[in-house]
Each structure stands twice: as structure tokens, then as C-alpha cells.
Visitor: 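Next up is a structure, given as C-alpha cells.
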Amino acid sequence: MGKSAKTSRKGKKAWRANIPTDDIDEYIEKSTKDALTGGSLTTLPSDSLFYVDKSTDVPAKKKIEKHREKVLHCESTLQKNPFVVAVPSSILNKSKKKRKVPKVVVENKDVSKDEKDNVSGMVDLWEAKDQDNVKPTKKAKPSIIPAVEIEAPGCSFNPSFEAHQDALASAVAVEMQKIYKNELGPQPVPLTVSSEVVDEESLYILGSDHEEDAMDEENLENSDTAADRFSKTKRVTRVELNRRIRRRERQKTEAEAKKIEKLSKEIDSLPDIMEEIAKDDEEKQKKHLRRAVAKEERRKLGPPRLGRNKFEPAPSQVLLSEEITGSLRKLKGCCTLTRDRFKSLEKRGLIVPGTKRKRK
């Protein structure tokens with residue numbers, strides 16, 4: 001390198017300006033760097049800078065075992081998720097409560113891996129178990145109708161005259177109700193409808209009538225459009241606009257006054273409104289009671305609908321006045337016991353009612 005250029009040294013100011021400060025700058029940079037990195041390495045002891053590595057390498061067996069401990073994604077999907085709650089089912093919960101599962105005591109301590117998996121929640125889907133295949137059954141509600149119904153006293157073999165007449169009247173009323181229902185009921189829809197053939201001339205007349213109606217409608221529409229055009233072209237003056245604005249304001253004030261008057265009337269009629277609400281509540285309660293009573297009566301008369309066929313009650317076994325003999329020996333024999341028991345089962349809803357089958 002060449003020699004540095006000479007500078008003037010006249011006066012103390014020139015001396016101060018030309019003093020070299022490279023070593024000071026290097027020292028400041030070094031001290032700031034040591035302060036940022038945690039101190040200079042020359043001041044630290046050797047124990048903190050160096051250490052002896054005493055750990056040994058992991059054997060290959062441990063590496064293989066760690067690799068086996070990892071659970072694959074396909075296996076993790078089959079495991080139970082503790083954060084997902086199962087959907088509750090009332091029927092299954094009831095069946096689980098009723099069913100008593102016997103406790104199994106494990107004597108052997110050595111449990112295989114398959115058993116551990118089953119305990120953790122893995123279940124074999126193809127394993128046949130009697131308890132899992134059992135479907136929960138719903139218990140039927142007890143019927144209000146008694147098993148053995150006592151007939152009216154008029155149905156006896158030797159009844160009194162009044163009781164016999166009452167039983168006969170009820171039987172006749174039931175039969176007449178069936179007859180009136182068949183006669184006055186809605187008529188069935190006919191399968192075929194009788195109609196006349198239309199000639200070509202009548203078809204032409206009908207078509208011309210339709211065309212005339214269409215022409216009249218078109219003329220009316222054209223006249224309406226012309227009137228609309230004339231009304232659109234009419235000019236509105238300033239006086240008419242002011243009149244319309246005043247009319248709108250008047251209508252607005254009248255509507256507000258009517259609203260205030262209606263509100264004051266409603267406030268004055270509050271006691272009447274309260275009475276009406278109380279009456280409506282009483283009527284609703286009475287209606288609810290009537291419905292409950294009617295429902296109980298319907299349940300007493302017959303069972304709920306179980307199949308496509310309705311339950312038909314058996315006719316009351318009333319003897320005619322000629323058949324009453326007053327003695328069991330002279331009583332006419334009839335096999336109605338099995339039929340009566342069968343109808344009782346149908347009426348209580350234990351058997352689905354069926355239709356009468358004719359013998360071939």
C-alpha cells in the first residue's frame with residue numbers, strides 16, 4: 001500500500017482531527033456483540049463451554065418397538081372416540097335397565113391380547129350373541145274392557161217384562177242405525193259415466209261461440225289500454241298537486257285520531273276483555289273434559305285400530321217374546337260360548353279383528 005497523505009499539523013485542532021480511532025471502534029463493536037450473545041467466551045470457565053457425552057446409542061430393538069407402538073390412521077378410526085357422545089335411545093335404555101347382565105368373575109390373571117381389545121371397546125361384528133340379537137318389545141296397555149262382560153238383565157232366559165222390552169229396544173235401535181247408515185250414507189262413485197256423442201255441426205257452433213268470446217275480450221282490453229293512455233297524457237296543475245297533498249295530510253291526521261280513539265276504547269273495555277278470556281278458558285277446559293270422557297267411552301266400546309278391518313261387535317243375545325219359556329229345560333240351544341270368547345279377545349285388543357270367511 002502507498003503511503004498515507006500528509007496532513008497539516010499546524011495547531012491543536014488539526015492534531016485532534018487526524019487522530020486514528022480504529023481500535024476504539026473495534027472494541028465497541030466487540031463489547032456490543034458480547035453483550036448481545038451473553039458475554040465474552042474468554043471470561044467463561046471451561047466446564048460451561050465443554051461437557052462429556054456419556055449417553056449411548058439406542059439399540060435396534062427399542063427402535064422397532066417404538067415403531068410398532070405407533071397407531072395407523074386406519075386402526076384409529078376403528079377405536080372409540082371419547083369426545084363423541086352416542087345418540088341416546090329411550091327403547092334401548094329401558095331394555096338395558098330391565099335386562100340383568102350376570103357378572104363374570106375372571107379367575108385367571110393372564111389375559112390374552114384379544115380379550116384386552118374387547119374390553120377396550122373393539123367388538124366382533126360377526127360374533128353371534130343371544131343377548132344382542134334380542135329386540136326390545138313394547139308392553140301393551142291394559143284394556144279398560146273387562147274380560148267377562150255381564151249382559152243386560154233383559155237378555156236372561158226368564159226376564160221381567162220391562163227389562164226385556166228395554167233390551168229389545170236397544171237391539172232394534174242398533175239394527176235400524178245400520179240400515180239408515182246404508183241408505184243415507186254417501187253413494188259410491190260410479191265406474192262408468194253415460195255420455196252422448198257430439199255431432200260435427202254442434203262442434204262447429206261451440207267453436208264459433210268460443211271465438212266470439214275471445215274477440216270481445218280483446219276489444220275490451222284494447223279499450224282499456226286506450227283509456228290508460230289518455231289518462232297518462234293528462235297534465236296535472238300545481239293547484240291539483242297542492243289539493244292532493246292537503247288531502248293526504250287530512251287522511252293521515254284522521255287515521256291517527258281513529259287509532260287513538262280505538263286504543264282508548266280498548267283500555268276502557270279491559271274488564272270485558274278479561275271476562276271474555278276467562279269464559280274462553282272455561283269453555284276450553286270443558287271441551288277438554290268432554291273429549292277425555294268421549295275418548296274413555298270409545299275405549300270402553302271397542303279396541304283401537306289394529307289392522308285394516310274394523311271391530312264389529314256381536315249382536316246382543318235377546319230372546320224374542322215367543323221364545324221366552326221361563327224354564328232352562330225348554331230353552332233353545334245355541335253354541336255361542338266360543339264366539340263370545342273370541343269377540344271378547346278382539347274387543348280387548350288382544351287379537352286383530354278379521355273378516356267372516358264363507359265355507360266353500
Side-chain angles (χ1 to χ4, degrees), residues 90-91 94-95 98 135-189 281-360:
S90 58
I91 299 167
K94 286 178 184 177
S95 63
K98 290 175 185 176
K135 291 182 179 179
T137 55
K138 290 183 178 180
K139 283 190 177 181
K141 292 180 180 179
S143 179
I144 303 171
I145 304 163
V148 180
E149 290 182 287
I150 300 168
E151 291 185 346
C155 298
S156 176
F157 70 96
N158 188 19
S160 62
F161 180 73
E162 292 179 357
H164 182 250
Q165 291 298 317
D166 292 340
L168 270 177
S170 62
V172 170
V174 171
E175 294 298 325
M176 291 302 294
Q177 191 176 3
K178 289 179 183 177
I179 292 165
Y180 290 147
K181 192 175 181 181
N182 291 330
E183 289 179 356
L184 303 173
Q187 294 181 357
V189 179
D281 291 339
E282 286 180 3
E283 287 179 1
K284 283 179 182 178
Q285 286 179 0
K286 288 176 183 177
K287 196 174 182 181
H288 182 69
L289 287 172
R290 285 198 297 272
R291 282 182 179 177
V293 171
K295 192 176 181 181
E296 288 294 325
E297 288 178 356
R298 282 199 301 273
R299 284 184 68 188
K300 287 178 184 176
L301 289 173
R305 191 72 176 267
L306 297 176
R308 63 179 180 178
N309 300 317
K310 287 184 179 179
F311 170 72
E312 294 181 1
S316 58
Q317 301 295 325
V318 185
L319 296 173
L320 299 174
S321 46
E322 296 87 12
E323 295 175 354
I324 295 171
T325 57
S327 175
L328 281 170
R329 293 180 181 178
K330 296 179 183 180
L331 190 65
K332 185 180 171 182
C334 57
C335 52
T336 58
L337 182 60
T338 53
R339 193 179 298 163
D340 180 52
R341 290 295 86 211
F342 189 75
K343 282 288 179 183
S344 175
L345 291 171
E346 282 185 353
K347 194 172 183 180
R348 284 180 287 160
L350 301 174
I351 297 174
V352 179
T355 55
K356 290 182 180 180
R357 295 180 181 177
K358 295 180 180 180
R359 292 182 180 179
K360 293 181 181 179

Visitor: Inspect the surroundings of CD1 in I150 and state if more than 12 heavy atoms from other residues, nucleotides or ligands are less than 6.0 Å away.
Guide: no

Visitor: Would you say K343's side chain and E312's backbone share a donor-acceptor pair under 3.5 angstrom?
Guide: yes

Visitor: Could you tell me the separation between the NZ atom of K347 and the CG atom of D340, rounded to the nearest 0.5 Å?
Guide: 10.0 Å

Visitor: Restricting to non-hydrogen atoms, name the atom on V318 and the atom on C155 that form the minimum distance, rounded to 0.1 Å.
Guide: CG2-SG, 3.7 Å

Visitor: For the pair R341 and V148, evaluate side chain to side chain contact (heavy atoms under 4.5 Å, CB included) and give the outcome as yes or no after the intermediate values.
Guide: CA-CA 8 Å; R341 290 295 86 211; V148 180; 4.1 Å; yes

Visitor: Measure the shortest side-chain to side-chain distance between P315 and V174 over non-hydrogen atoms and say whether it is less than 4.5 angstrom.
Guide: no

Visitor: Indicate the atoms forming the closest heavy-atom contact of I324 with F157, along with that distance.
Guide: CG2-O, 3.9 Å

Visitor: Indicate the atoms forming the closest heavy-atom contact of R348 with P146, along with that distance.
Guide: CD-O, 4.0 Å

Visitor: Taking all non-hydrogen atoms of both residues, which atom of S344 and which atom of A147 are closest, and how far apart?
Guide: OG-O, 2.9 Å

Visitor: Give me each pair satisfying side chain to side chain donor-acceptor pair (under 3.5 Å) with a member in residues 150-173, each pair once, sequence neighbours excluded.
Guide: none

Visitor: Does the side chain of K178 come within less than 4.5 Å of K181's, by heavy atoms?
Guide: no

Visitor: Considering non-hydrogen atoms only, spot the tightest contact between P153 and P159 and give its length.
Guide: O-CB, 3.6 Å

Visitor: Donor-acceptor pairs are to be reported for all side-chain atoms of residues 287-306 against protein atoms at under 3.5 Å, with residues two or more places apart or in another chain.
Guide:
{"from": "R305", "atom 1": "NE", "to": "G307", "atom 2": "O", "distance (Å)": "3.0"}
{"from": "R305", "atom 1": "NH2", "to": "R308", "atom 2": "O", "distance (Å)": "2.8"}

